[in-house]
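Below is one structure, written out as structure tokens, with a few remarks after it.
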Amino acid sequence: SAIVLAGFFGLGLYARALQYGSEDRPSRVQERRGRAEPLLRLLESDRAKKELGLSDDQVQRLHQVIVDTEKASVKTGADLAVRQIELRELLRADNPDRDAATRKVQEISNLRGELMKQRVEASLAARKVLSPEQQKKLRTFIEMRRSAASRRGGMMERQARPAPGPPPEPGSRPKPPTQ
């Protein structure tokens with residue numbers, strides 16, 4: 001009985017996290033949708049096409065891989081979001097159906113696996129379009145962009161951090177930043 005209680009408690013916490021967490025942050029579907037846009041802009045960049053040595057045919061084929069993957073990911077992500085809502089509602093019942101909740105968790109797990117499979121298949125399809133040298137250049141290009149973005153992100157975090165020292169007194173005005 002302790003294991004059953006722990007299972008229901010764990011599922012309840014999971015459902016609460018889904019319920020409260022979704023309001024404060026973008027959904028995974030939104031995050032995935034946001035991943036495709038930079039890739040599409042990269043394919044439209046003359047500089048990137050030149051550095052990577054991409055032909056017009058390669059650009060078109062890569063564009064199609066990205067768009068097809070984005071469409072599939074959005075559909076699967078929407079199904080995933082629906083299943084998460086259904087699980088949350090199953091767990092809200094006074095006496096939740098353990099078997100139904102377990103089946104719903106399995107559906108969610110399968111959909112997450114499908115999303116991962118879609119990303120891997122897209123990566124493999126893109127590799128077929130690129131030569132080994134272009135793949136290496138692309139990895140280097142992406143790493144350079146990631147490191148530049150992380151440096152910018154770190155600078156933004158440092159700028160947003162409050163100044164060290166004691167917290168201001170309640171009702172007092174904040175001091176202007178010193179140069």
Side-chain angles (χ1 to χ4, degrees), residues 4-45 48-49 52 54 56-130 134-135 138-139 141-150 152-153 156-157 160:
V4 171
L5 278 174
F8 276 122
F9 181 71
L11 287 173
L13 288 175
Y14 177 72
R16 291 287 179 200
L18 290 175
Q19 181 179 2
Y20 294 119
S22 63
E23 298 163 2
D24 299 337
R25 60 181 172 74
S27 71
R28 289 183 180 196
V29 174
Q30 291 167 332
E31 290 171 1
R32 278 187 196 82
R33 208 174 309 146
R35 288 182 193 168
E37 292 168 14
L39 293 173
L40 292 172
R41 280 195 309 271
L42 178 68
L43 290 177
E44 293 170 359
S45 163
K49 287 190 276 191
L52 299 173
L54 296 175
D56 289 340
D57 179 57
Q58 286 177 308
V59 169
Q60 183 58 38
R61 289 169 52 200
L62 288 170
H63 185 275
Q64 196 59 51
V65 167
I66 292 167
V67 170
D68 289 347
T69 303
E70 183 180 24
K71 286 174 167 180
S73 294
V74 167
K75 288 176 183 177
T76 305
D79 289 342
L80 175 61
V82 168
R83 297 310 183 285
Q84 289 171 331
I85 291 168
E86 291 170 351
L87 174 62
R88 179 191 70 206
E89 293 306 305
L90 278 170
L91 296 175
R92 286 189 67 213
D94 290 337
N95 190 12
D97 181 346
R98 185 181 202 297
D99 291 337
T102 302
R103 283 191 303 274
K104 198 59 66 179
V105 167
Q106 187 60 52
E107 289 175 27
I108 290 168
S109 178
N110 291 344
L111 288 167
R112 286 186 177 153
E114 183 62 29
L115 283 170
M116 184 182 290
K117 182 179 163 189
Q118 289 167 354
R119 283 194 303 269
V120 168
E121 287 175 355
S123 177
L124 294 173
R127 286 182 183 188
K128 283 184 177 181
V129 173
L130 301 171
Q134 287 172 320
Q135 291 176 32
L138 181 60
R139 278 192 294 272
F141 193 83
I142 290 171
E143 285 303 316
M144 287 175 24
R145 290 179 65 131
R146 276 189 189 149
S147 65
S150 70
R152 282 192 308 270
M156 288 179 178
E157 286 177 17

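- One distance of note links CD1 of Ile108 with CZ of Arg103; it measures 13.0 Å at 0.5 Å rounding.
- From Lys71, atom NZ reaches atom CG of Asp68 across 6.0 Å, with rounding to the nearest 0.5 Å.
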Quiz item: Would Gln118 and Glu114 count as a side-chain contact (heavy atoms from CB on, under 4.5 Å) if you check the C-alpha gap in whole Å, the side-chain angles of each, and the deciding distance to 0.1 Å?
Solution: CA-CA 6 Å; Gln118 289 167 354; Glu114 183 62 29; 3.6 Å; yes
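- Checked by atom type and distance alone, the side chain of Thr76 never pairs as donor or acceptor with a backbone atom of Ser73 at under 3.5 Å.
- Of all heavy-atom pairs between Thr69 and Ala122, the closest is OG1-CB, 3.1 Å.
- Side-chain contact between Leu40 and Glu37 is absent, with no heavy-atom pair separated by less than 4.5 Å.
- For the atom pair CG (Leu91) and CD (Glu86), the distance works out to 12.0 Å, reported to the nearest 0.5 Å.
- The shortest side-chain heavy-atom distance between Gln64 and Gln60 falls under the 4.5 Å cut-off.
- When atom types are taken as modelled, the side chain of Ser123 and the backbone of Arg119 share no donor-acceptor pair closer than 3.5 angstrom.
- Side-chain contact check for Val120 versus Leu124: some heavy-atom pair is nearer than 4.5 Å.
- Arg61 and Asp57 are joined by a salt bridge, as a carboxylate oxygen and a charged side-chain nitrogen come within less than 4.0 angstrom of each other.
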Quiz item: Could you go step by step and tell me if Leu54 and Leu43 meet the side-chain contact (heavy atoms from CB on, under 4.5 Å) rule?
Solution: CA-CA 9 Å; Leu54 296 175; Leu43 290 177; 4.1 Å; yes
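- What you find for Val59 and Lys49 is that their closest heavy atoms are CG2-CD, 3.5 Å.
- Across all their heavy atoms, Val65 and Ala125 have their closest contact at CG2-CB, 4.0 Å.
- Checking Gln106 against Asn110 by side-chain atom types alone, a donor-acceptor pair falls below 3.5 Å.
- Within the 3.5 Å criterion, the main-chain N or O of Val129 finds a donor-acceptor partner in the side chain of Gln58.
- Salt bridge absent: Arg41 and Glu44 never bring a charged side-chain N and a carboxylate O closer than 4.0 Å.
- A pairwise comparison of heavy atoms in Val105 and Leu87 identifies CG2-CD2, 3.9 Å as the closest pair.
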